[in-house]
Colleague: 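Got a structure for you, written out below as structure tokens; questions coming shortly.
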Amino acid sequence: MIDTEIYVPYIATMNSVSPKCQQLKEDYDKCFNHWFTDKYLKGVKKEDCIDVFRSYQSCVKDAIKEKGINISENTDEIKLT
Amino acid sequence: MEYLSSSCNHPWETVVHAAARKYPNPLNPNVVGVDVIERSVDEKSGVLKSHRLLTTSWGLPTWLIKVVGMEETCYVSEHSEVDPETKTLKLQSRNLTFSRFVDIDEQLIYRPDPQDPNNRTLLQQEAIIKVNGVPMSSYCEDLLKNTFNSNANLGRQAMEWVISHIKEESHGVRKVFSSGKYSL
């Protein structure tokens, strides 16, 4: 018998609102997480991931329309004070 | 409702990193989907603004859904702002489903704790619940405050869980089996 510890990489994934957007979401999240922690929080304001975001965003907006989710909100009530 | 304040033992940057990757976590099993609807960095202020859609599922049995007529899948709209200059993270979320009946508007603000700004982060949170546009008060308020407090506690535990896993991930690995005796 051997005392041992087995390690595996930790991968956290979350679903998209539609399976059609899942891969686009994972590609975008990976890019964004890297940019956010390694660049943005260290002072780099220039955005990365723009192309991959546009593809993902377009898919999400189509899915939202298909599902009839109403995301338009009364902007007066959004108060991040 | 009043602000609920709490402080945690992590620097602000760690907390913001965890907030961006809060889901999935075992303390919020009902959140099953997260999508970004809009996101941009404001050119003048450098503030990162995001609008996200959260998909939640209550895991209700099918028969109950049919009897009660409830939606199994609900949606929440979340707006957030990250300001690395002032070290402020603000989040506001509101339900999209059932909004004809009830509005739950929750706000969270994370800032460095003034008492130990390099090592601790202060969280202020508030939930405003309206039924048919009328704020809830009196009879239900205590009940809701208790629920809000226990959910807020779950939220803090969720963040601690995410932070600990991100830290392990930065070492590239996660410990799966502890020192039991296994033969290979």
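Note: hydrogens, waters and symmetry copies are ignored here, and every other heavy atom, side chains too, is used. Quick caveat: nothing in here was measured; it's all calculated off a predicted structure. Every chain is numbered from 1, with letters handed out A, B, ... down the list of sequences.
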Colleague: If two hydrophobic side chains count as joined below 4.5 Å and joins carry through other members, does B/L154 share a cluster with B/V162?
Modeller: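 As far as the 4.5 Å side-chain criterion goes, B/V162 and B/L154 are connected within one cluster.
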Colleague: Would you name the heavy atoms of A/Y40 and B/G46 that are closest together and state the gap between them?
Modeller: OH-O, 2.6 Å
Colleague: Linking I/L/V/M/F/W/Y whenever any side-chain heavy atoms sit under 4.5 Å apart, do B/V32 and B/V76 land together?
Modeller: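 No, because B/V32 and B/V76 fall into different hydrophobic clusters, even though each may have its own neighbours under 4.5 Å.
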Colleague: Given B/Y75, which partner from the list A/I69, A/N70, A/I71 fulfils the side chain to side chain contact (heavy atoms under 4.5 Å, CB included) test?
Modeller: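 So, applying the side chain to side chain contact (heavy atoms under 4.5 Å, CB included) to B/Y75 and each of A/I69, A/N70, A/I71, only A/I69 qualifies.
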Colleague: Just how far is it from atom NZ of B/K87 to atom CG of A/L41, taken to the nearest 0.5 Å?
Modeller: 9.5 Å
Colleague: Can a donor-acceptor pair be found, under 3.5 Å and without considering hydrogens, that links the side chain of A/K25 to the backbone of B/V34?
Modeller: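 Judged by distance alone, yes, a pair lies under 3.5 Å.
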Colleague: Determine, stepwise, if the pair A/K61 / B/E38 fulfils salt bridge (Lys or Arg N to Asp or Glu O under 4.0 Å).
Modeller: CA-CA 10 Å; A/K61 287 190 169 178; B/E38 294 286 353; 2.6 Å; yes
Colleague: What distance separates B/H51 NE2 from A/Q57 CD, expressed to the nearest 0.5 Å?
Modeller: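 So the NE2 of B/H51 and the CD of A/Q57 are separated by 11.5 Å.
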Colleague: Shared ILVMFWY cluster between B/V41 and B/V16, side chains joined below 4.5 angstrom?
Modeller: yes
Colleague: At a heavy-atom separation under 4.5 Å, does A/V60 approach chain B through its side chain, its backbone, both, or neither?
Modeller: side chain
Colleague: What heavy-atom pair brings A/F53 and B/I37 nearest, and what distance separates the two atoms?
Modeller: CZ-O, 4.2 Å
Colleague: Would you indicate whether the side-chain heavy atoms of A/N15 and B/T55 approach each other to under 4.5 Å?
Modeller: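 Result no, sub-4.5 Å side-chain heavy-atom pair not found.
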Colleague: Report which part of A/K46 has an atom under 4.5 Å of a heavy atom belonging to chain B: side chain, backbone, both, or neither.
Modeller: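 When you check distances to chain B, no heavy atom of A/K46 falls under 4.5 Å.
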Colleague: Measure the spacing between CG of B/L48 and CZ of A/F32 and express it to the nearest 0.5 Å.
Modeller: 5.0 Å
Colleague: Quick check: do A/F36 and B/R21 have side-chain heavy atoms less than 4.5 Å from each other?
Modeller: no
Colleague: Measuring heavy-atom distances to chain B, does A/T37 have an atom under 4.5 Å in its side chain, in its backbone, in both, or in neither?
Modeller: side chain
Colleague: Would you say B/M159 and B/L89 are hydrophobically clustered, going by side-chain heavy atoms of ILVMFWY under 4.5 Å?
Modeller: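 Yes, B/M159 and B/L89 fall within the same hydrophobic cluster.
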Colleague: Which answer fits B/S40, side chain, backbone, both or neither, if we ask what part of it has an atom under 4.5 Å from a heavy atom of chain A?
Modeller: both
Colleague: Indicate, with yes or no, if A/V52 and A/Y56 share a hydrophobic cluster defined by side-chain heavy-atom contacts under 4.5 Å among Ile, Leu, Val, Met, Phe, Trp and Tyr.
Modeller: yes
Colleague: At a 4.5 Å cut-off on heavy atoms, which part of B/V31 comes close to chain A: side chain, backbone, both, or neither?
Modeller: both
Colleague: Distance from A/K45 atom NZ to B/D42 atom CG, nearest 0.5 Å?
Modeller: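 The NZ atom of A/K45 sits 11.0 Å away from the CG atom of B/D42.
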Colleague: Using non-hydrogen atoms only, which part of A/I64 is less than 4.5 Å away from chain B: side chain, backbone, both, or neither?
Modeller: side chain
